[in-house]
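Below is one structure, written out as structure tokens; comments come after it.
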There are 2 protein chains.
Amino acid sequence: MPSSVQHELSRYPRTGRFLMGRLRSALTEGEKQLVEDVIEGEHHLGGGELIAHRGAECGSSSILIDGFAIRVIARGGQDHIVSLQVPGDFIDLHGFALKRLDHDIYTLGPAKVGLVSHARLSEVIGHQPHLARLLWFSTLLDGAIHREWICKLEELSAAQRVAHVFCEICRRLEMVGIEAHHGFSLPLTQAQLASMCGTTAVHMSRALRRLRNETRASFRHGRLDLPYPAALAAFCEYDASYLYGPGELQVAGDYDD
Amino acid sequence: MPSSVQHELSRYPRTGRFLMGRLRSALTEGEKQLVEDVIEGEHHLGGGELIAHRGAECGSSSILIDGFAIRVIARGGQDHIVSLQVPGDFIDLHGFALKRLDHDIYTLGPAKVGLVSHARLSEVIGHQPHLARLLWFSTLLDGAIHREWICKLEELSAAQRVAHVFCEICRRLEMVGIEAHHGFSLPLTQAQLASMCGTTAVHMSRALRRLRNETRASFRHGRLDLPYPAALAAFCEYDASYLYGPGELQVAGDYDD
DNA sequence: CGTTCCCTTGAGTAGTTTCAATACTTGTGG
DNA sequence: CCACAAGTATTGAAACTACTCAAGGGAACG
């Protein structure tokens, strides 16, 4: 882990990864401290536990400190995974403006989350328009990722879709300072991967075999091995610009006021 | 058109439909006036004109006053439609927090848009936390719609997907006070519908035929006729709660402070 | 050591794509 | 007002991708 990441995490153990690799640099130390202090409690959760429930009125939001989470929409008896969150993500900040969520959120494997009450958040934001705008920004990131998923579902084959999922998670982990370039642990079943890719578990098994043969990427027992990340990216024509990382689409300058 | 809608539009000709059917009731008359006044100019556009361009630094956003718009992501030579906007939508308010867009936005048929500079918006929002939160809310609505589209692409057949698109547009039009219950004009080609549904133009033609046979919904020459809206909704098991209209998920009370 | 969940494989079927040919619509200019 | 061109929609047939059902193998947990 780079020392700059280590430094950030030791100073802000709960929120050090928030917006890391995105616009964290636009936050002042004071603002970072405010975000850190707004977290009221820390929860250690097991795998498959419910973090937020569709329809329930939510008075607080959670930030994912460690582990993964998924958003799930139940439709016609079946559960559909519509997105995945990585550490540093403010999982259900939506709830702050939406009041009720249109989906459920579950942990994926053991996870640590921090809690923020909306009352407290409201208070802080009222005096901090710059911070408010960055929180807003962070919720729009999810929208950008959703759009890419729509695109992916509209265009790619099943094998390319999983490849895309793997590329995205890899990139997002690296953005928040987690080494993932040549593989990482990902506590998902093939059935869940299938759900994310709009296909069946049986077909997912075949898609993964194809991926192993053609790109050497192998997903086994909740772990992805990625000896040739570039091959995987080429396989699904992955372009990460929608993640608003450093480069093309990001305009940090405008937030530095 | 109900007289309440007429009244709102005569008072706020450019922004009268903003959040209508959603949380417009949570806006005070003063806030509505602020929103109306923040619009600096009005543009009349033809069909297929570019409203906002991917990657360009945007200093202003647009609200759709009349007509339709689509969000398009170019990927691998092909254009993919990832969402559709109806009157009253603040089309690219995203740009305010994101600074650059990850997609292009085009008009669909003739449209009227209002322009807001970000500098002006920033100024107003700084003093209006309640209004800021409702603007934030309006951008999260797009996210909720994106999630439903992901779900739709993951689960439904081609015919059900178009049905879903039709149901959604119908519902959204009615929410903002446009009569659409038994049909409406929708200047789309079958190829564009196919792009929204992740299928081909040829297959879309067959899907539409099936829809005509099974639900009496007929889409011809840019117009949808809907003698039995309930049949269409049943066909794709449509549940509009993700639109955060009055009911289940909406909590207006919390914004009435 | 066995139950359970997860993954893999095969064979048949359904849904979707592709290619190619034909018609319908709309707009333009003669 | 008609002819023409361009774009749009429909149809058929063959190929392909993905789904379903069903059975067997493997890993993990008690």
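Per chain, numbering begins at 1; letters A, B, ... match sequence-line order.
- As a whole-Å value, the separation of A/Q190 CD from D/dA28 P is 14 Å.
- Heavy-atom contacts from other residues, nucleotides or ligands closer than 6.0 Å to CZ of B/R14 number more than 12.
- Rounded to whole angstrom, the span from the NE2 atom of A/H203 across to the P atom of D/dT17 amounts to 9 Å.
- Atom CE of B/M204 is separated from atom P of C/dG15 by 16 Å (rounded to the nearest Å).
- Screening B/R17, B/H43, B/E42 against B/I65 for a side-chain contact (heavy atoms from CB on, under 4.5 Å) leaves a single residue, B/E42.
- Dashed line: the shortest gap from a side-chain N or O of A/T189 to OP1 or OP2 of C/dC5 is not under 4.0 Å.
- Among the atoms of the strands shown, none is found under 4.0 Å from any heavy atom of B/A201.
- A 6.0 Å sphere centred on CZ of B/R223 holds more than 12 heavy atoms belonging to other residues, nucleotides or ligands.
- Rounded to whole Å, atom P of C/dT25 lies 17 Å from atom CZ of B/R223.
- Put simply, the side chain of A/R206 and the base of D/dT20 share a donor and an acceptor less than 3.5 Å apart.
- When the nearest nucleotides of DNA chain C are assigned to A/S205 and B/S157 by heavy-atom distance, the more 5′-ward of the two goes with A/S205.
- Each of B/F219 and A/A159 has a nearest nucleotide on DNA chain D; the 5'-most of these lies closest to B/F219.
- Put simply, CZ on B/R210 is 10 Å from C1' on C/dG15, counting in whole angstrom units.
- Using a 4.5 Å heavy-atom threshold, the side chains of A/W149 and A/M196 count as touching.
- When rounded to the nearest whole Å, the span between CG of A/L156 and C1' of C/dT17 equals 16 Å.
- Using cut-offs of 30° and 60° for the angle between ring planes, the A/H164 and A/Y242 rings count as parallel.
- Checked against C/dT9, D/dG12, C/dT26, the side chain of A/V202 finds its nearest nucleotide in C/dT9.
- When the side-chain nitrogen and oxygen atoms of B/T200 are compared with OP1 and OP2 of C/dT16, none of them lie within a distance under 4.0 Å.
- If you measure from atom CG of B/L188 to atom P of D/dT8, you get 12 Å, rounded to the nearest angstrom.
- For the pair A/Q78 CD and D/dT20 C1', the computed distance is 13 Å after rounding to whole Å.
- When heavy atoms are screened at a 4.0 angstrom cut-off, B/R209 is found touching the sugar-phosphate backbone but no base atom.
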